There are 2 protein chains.
Amino acid sequence: MLTNDGFRSLDRPECLRLLAEVPVGRVVYTRQALPAVLPVNFALDPDSSVLLRTSAGSDLVRAVDGVVVAFEADAFDARSRSGWSVVVTGQAGVVTDPAEHERLLRTGPHSWMPIRDDVFIRIESAMVTGRELVDLRTTAG
Amino acid sequence: MLTNDGFRSLDRPECLRLLAEVPVGRVVYTRQALPAVLPVNFALDPDSSVLLRTSAGSDLVRAVDGVVVAFEADAFDARSRSGWSVVVTGQAGVVTDPAEHERLLRTGPHSWMPIRDDVFIRIESAMVTGRELVDLRTTAG
């Protein structure tokens, strides 16, 4: 659907397809009662949850384990003023199951940062929304 | 300072210089008690506050007017696994002063979306933090 504000809503399959195209997204959460945001590289699990890899003692783990967070990714082109954004909202949690942890050590995302005592954070894709921005300068009738 | 986690902290002037290089950032706030994030194009005012242009009746105005928000921008290169991110945290508010509004109609950011009843949102740069990710695969001794 192309709304009159220049955005087209994206359905869940479109959102997940676009998410898989980019390596970096942003975890959005609350830290000391203030809005906080941290860019991280990530991977999508086959069940469509978002997987992050970080250090067991990181601030991120303390801030998001067990709470609902948003995870955003986007791609925009300034020249054409077009692009897309996707937001996954769901509960974040450290993967504690040993077999699952072992699987993710083999198949999960590799952090772009050196980390210690690897842990994986899974963000459930309870709600997935997205929109595409179309350049109305060229599409307007 | 290059920390042992591969990040270098950026000072306020560096953060503001990098912010000025990108057209799109992300407003991070709370909507119905859930973390929310919206990518928007923006401009920096000479006083270093972040300026957004939107419609008077937009959800964004209702959600952020008068509250503390975060505003994030970044640029990463997947090939070199390097990049930077900057977060501005401060109170957001609709510009209500008529002279200021007139000035911003002439000099402020142009929205990439068609909007009605233009309003400007100013995010005060009360706290500005940033970090640069260095590819440790090539810099490690």
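Here is the naming used below: chain letters follow the sequence lines, and residue numbers restart at 1 for every chain. Side-chain atoms are counted along with the backbone in the values below, which use heavy atoms only and exclude waters and symmetry mates. Since the model is a prediction, treat every value here as computed from it, not as a measurement.
When the side chains of ILVMFWY residues are joined at heavy-atom separations under 4.5 Å, either directly or via intervening members, B/Val86 and B/Leu133 end up in two distinct hydrophobic clusters. Note on B/Phe7: it does not cluster hydrophobically with B/Val87, by side-chain heavy-atom contacts below 4.5 Å among ILVMFWY residues. Note on B/Val27: it does not cluster hydrophobically with B/Phe120, by side-chain heavy-atom contacts below 4.5 Å among ILVMFWY residues. Under a hydrophobic clustering in which Ile, Leu, Val, Met, Phe, Trp and Tyr are joined whenever their side-chain heavy atoms come within less than 4.5 Å, directly or via other members, A/Val50 and A/Val95 fall into different clusters. Tracing side-chain contacts under 4.5 Å through hydrophobic residues (I, L, V, M, F, W, Y), one reaches A/Leu44 starting from A/Leu10; they form part of the same cluster.
The shortest distance between side-chain heavy atoms of B/Leu38 and A/Arg131 falls below 4.5 Å.
Looking at A/Ser111, the atoms closer than 4.5 Å to chain B (heavy atoms on both sides) all sit in the backbone: N, CA, C or O. At a 4.5 Å heavy-atom cutoff, the contact between B/Val68 and chain A is made by backbone and side-chain atoms alike. Contact of A/Val37 with chain B is made through backbone and side chain together, with heavy-atom distances under 4.5 Å. Heavy atoms closer than 4.5 Å to chain B are found in both the backbone and the side chain of A/Val28.
If you take CZ on B/Arg26 and CG on A/Asp74, they are separated by 4.0 Å, rounding to the nearest 0.5 Å.
Between A/Trp112 and B/Ala78, the shortest heavy-atom contact is CH2-CA, 3.6 Å.
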